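Reminder, nothing fancy here: chain letters follow the sequence lines and each chain counts from 1. Predicted model, so just to flag it, every value in this text is computed and none were measured.
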Amino acid sequence: MIPARFDYHRPGDIAAALAILGEHGDEARVIAGGHSLIPMMKLRMADLGHLVDLQDIAELRGIVVEGGTVRLGAMVTQAELIASAELARAAPLVREAALQIADPQVRYCGTVGGNVANGDPGNDMPGLMQCLGATFHLAGPGGERSVAARDYYEAAYMTAREDDEILTAISFAVPAGGYAYEKQKRKIGDYATAACAALVTMEGGRCTAASIAMTNLSDVPVWSEAAGAALVGTNCDAEAVSAAVEAAKADIDPTEDNRGPVDFKRHVAGVMIRRAIERAVSRA
Amino acid sequence: MKDLPESAERAEKLKGLGSSRKRVEDARFTQGKGNYVDDITLPGMLFGDFVRSPHAHARVTAIHTEEAMKVPGVLAVITAKDLEPLGLHWMPTLAGDKQMVLADGKVLFQGQEVAFVVATDRYAAADGIEAVEVEYEDLPVVVDPFKALEPDAPVLREDLEGKTEGAHGPRKHHNHIFTWEQGDREATEQVIAEADVVAEEMIYYHRTHPCPLEPCGCVASMDKVNGKLTIWGTFQAPHAIRTVVSLISGIEEHNIRIVSPDIGGGFGNKVGAYPGYICSAVASIVTGKPVKWVEDRMDNLMTTAFARDYWMKGRIAATKEGKITGLWCHVTADHGGFDACADPTKFPAGFFNICTGSYDIPTAYLSVDGVYTNKAPGGVAYRCSFRVTEAAYFIERMIEILAIELGMDAAELRRINFIKAEQFPYQSALGWEYDSGDYHTAWDKALEAVDYAGLRREQAERVEAFKRGETRKLLGIGLTHFTEIVGAGPVKNCDILGLGMFDSCEIRIHPTGSAIARLGTISQGQGHATTFAQILASEIGLPADSITVEEGDTDTAPYGLGTYGSRSTPVAGAATAMAGRKIRAKAQMIAAYLLEVHDDDLEWDVDRFAVKGDPERFKTMKEIAFAAYNQAIPGIEPGLEAVSYYDPPNMTYPFGAYVCVMEIDVDTGQTEIRQFYALDDCGTRINPMIIEGQVHGGLTEALAIAMGQEIAYDEMGNVKTGTLMDFFVPTAWETPHYTTDHTVTPSPHHPIGAKGVGESPNVGGVPAFSNAVHDAFRAFGLRQSHMPHDHWRVWKIANGLGLHG
């Protein structure tokens, strides 16, 4: 559990960080909270010569709620997500999900940017950001660009981000309606056996908008357009919820691991999806 | 306080037996001031670590060390070839087998030690390990002990090929280690054949691991000037380690010093000897510098001693009224690649023959087959006395299954079969003499405390509500009445590698009336420094706060067999009391001289000898101590010291009644412990607070084992649970509230009547949690489902019973 030798860089701004990435190419990796990268380095599964620590870059910090939009700096920690009263008012779903990530020690270091950026299918924030319809902001040698969270993930640890780009911020519109994040895990600190984020807007007893996304049920987070569509226009009664659950389950592709085989995971996914939708509806 | 009689007030000040005295160890532990092996840094110290096999079964065809030797800081790469001239490439195990120190031509489990890289620091050692290139040739892997015994199974132990006799009798197959039989086979089979009712089931107690917070490690330092080898290490039995090191190395025992510093939990994992100890010592002897080796978590889980892995086939016979008439059991015991079980020599399956449990079973038969597989060696007593937790789990599951077969309430079935209080001392059908017990009293107290009848009513209502579709949760009531057997043990039948399992205490009273006591045991969190001082305080009348307890340094402590199997209080605690009584006997003679009366005219009163009938004339132990050193007393040597080596006449038999109430979500397999009631009878209670802490800790480890903790292998022999992501260790979040209770049935043969308690909650806890899971599904037809009861296995039960619609 001892990593191979590496050089440690601690740039003070994004431009300096990009310059280091530019100089060392795929020999260099940025590190935020380190919860994915450091274990992989210690197991000598990640072999890199240069570690670029982002913690001194002030531009990557801060939670801003302004003009109906939430902007989270990539280096905002999960503890900060939980502590922010402003965020809790604007997007309580984020706080609810962040509270279900690992344990307090992990959440003091773990960052929202690190959670979404590297494409670990076990992480909670990618599915959540897809549910919220968030946008990821990337900075690279060619300037800045944006990628929708729903378009960002290609496969496990494969994303739309280029090696020489840094994910700098996440933004999303202040969500409306009821919300819920349901997660089953074996214990504190574990990844989800199955988890589901739901946002449901009701007007006059009718669902006008719904967004359903899931965690750790495929090699990428799964946003189920069909599940949302199954709810819109209904009164979210048992039949509609069942239709949405079935639609969401049709979009997942879990694999067997120590948490259990595929049939179990599909079943539990159905339970989590149903509970998330029902709770979101109850709050809508 | 003022209402107390004067002598009771003095007794309370001593903080002796029965006092919930705070742990004296905690000041340093809670402030991060403990001194563990990895805190030891010596001048010029080197660091060694292992190249480990990624394969579970392979021939090692070549080891290339040249590139590793070029890594800056790497000083040596040791392989079996280097150890062979010293005769140290293999080492004896505690079970009478031998184990490769470094791979000698082949590897038998994933993670096996292949080469030892010695470097200036642990970072250089890690780089060196990566640069060692080992050529392997895959061999067929056997992880299933039943397949290992098939005629055409691959030969795992080529070194034993053709050997038909093992350390414990004949071997009947090339992967067979031993067969151990107890009881009367013919009579038992006849009882079963003629019984009204027979319940038969295979009970599997899965492989798990003690996983102490601190992994194993050592610092070996050979002083070439005076020829003395010192090893600081995580040793649960430092004196036994010294003797074994001497026997293996040929170094005389006076030139070996073994020190167990603070130990961060042992739970059996730190009883045995590991290749790291040998390699560190050899590396220090060769380099003349101290060498440290400390495992990381993955090393610990994958390679140092595992626990359990018992396949227990049982048959239990009863009359139609539920009176048990016979018990038959056959165990297939998976010992891994080497037999490194830590059991007394004559007991290759430990004390598994306690498997008749708390019940008066007139006829029984047990046989155990030990088997080699491509898994890590071990088979230690993980917070239990040797294989007792397996035995308790077996009988407590069989009772539940018999209750199903009989259509009886499981609590009532237990009650009608308990050994009665008047039957003690009780001779069991499998050879033990239970010293004492009062099971019915404990059982009734437990059932009343939890309102057992009310729980059963609630459960029945829940089942109906479930059937009506009103709830998706079931309620399980997990019952256990366990009997432990601890305090190994009488030297006449308990030894390890020929070392008798007595223990010892040496007491030195200082002139001003304080004392130091040294013991042959070693605390790993049990709080010996607190509780042994209490035993002594009550025996010699000096305050516990004035008594230092020291263990673990073989140069200063008297010889003893160490701490495991809940043996410290039954054996070393008894030695402490006996040594205290020797002190008191001498003190009485001194007091008689000082008071100018005959010895027999004195009586002991808490902290003093007083003249009978004249309590105002007395000498306190403090005064006597001063006189012992500073006054010329005719016919009495100066000083006040004593030593006792205690060989117990019998084991002690703690017992307990546990009830676990569990909510089970049939859709997700999630479980929640709603209530856990634990009644323990450990005889005389030395420190109720420490007992409660021990019970909490043991129950939490039991929760882990029953509900998720396992060392799992895939078919290729890869460890699937080698990190704490997958190996379940409960945090405060997963740990329920426990209610503790007690009865007191003192041991008739122990000097203070104490029985040991550290392991009872693990022995009783595992069946209580597991029985709760089974019980929840009893109404739907479940008989047996193997642990651990993690979410998917619980879900699988519900799914298999058709509860998912």
Have Asp309(B) and Tyr204(B) got a donor and an acceptor in their side chains that come within less than 3.5 Å?
-> yes

Between Thr215(A) and Tyr191(A), is any side-chain donor less than 3.5 angstrom from a side-chain acceptor?
-> no

Is a donor on one side and an acceptor on the other found under 3.5 Å between the side chain of His804(B) and the backbone of Val666(B)?
-> yes

Mind telling me whether Phe50(B) and Trp293(B) have parallel, tilted or perpendicular rings, with 30° and 60° as the class edges?
-> perpendicular

Side-chain donor-acceptor contact under 3.5 Å, Ser770(B) with His789(B) | yes

Side chain, backbone, both or neither: which part of Lys185(A) has a heavy atom under 4.5 Å from chain B?
-> backbone

Answer with side chain, backbone, both or neither: which region of Arg275(A) has an atom nearer than 4.5 Å to a non-hydrogen atom of chain B?
-> side chain

Going by distance alone, is a donor N or O of one side chain under 3.5 Å from an acceptor N or O of the other, for His9(A) and His50(A)?
-> yes

Part of Thr668(B) lying under 4.5 Å from any heavy atom of chain A = both

Could you tell me which of His791(B), Met298(B), Lys720(B) has the largest number of non-hydrogen atom pairs under 4.5 Å with chain A?
-> His791(B)

Within 45° cone of Phe728(B) ring axis and under 6.0 Å: Arg186(A) NZ or CZ = no

Contact winner vs chain B - Val268(A), Ile188(A), Val271(A), heavy-atom pairs under 4.5 Å = Ile188(A)

Which portion of Arg259(A) sits near chain B, non-hydrogen atoms under 4.5 angstrom | both

Identify which of Pro261(A), Pro3(A), Gly270(A) forms the greatest number of heavy-atom pairs closer than 4.5 Å to chain B.
-> Pro261(A)

Kindly compute the distance separating NZ (Lys183(A)) from CG (Asp190(A)), expressed to the nearest 0.5 Å.
-> 7.5 Å

Proximal component of Asp263(A), with respect to chain B [non-hydrogen, under 4.5 Å] = both

Region of Asp299(B) that comes under 4.5 Å of a non-hydrogen atom in chain A = neither

Name the region of Arg297(B), side chain, backbone, both or neither, that has any atom closer than 4.5 Å to a heavy atom of chain A.
-> neither

Residue among Asp726(B), Asp127(B), Asp296(B) with most heavy-atom pairs under 4.5 Å to chain A = Asp726(B)

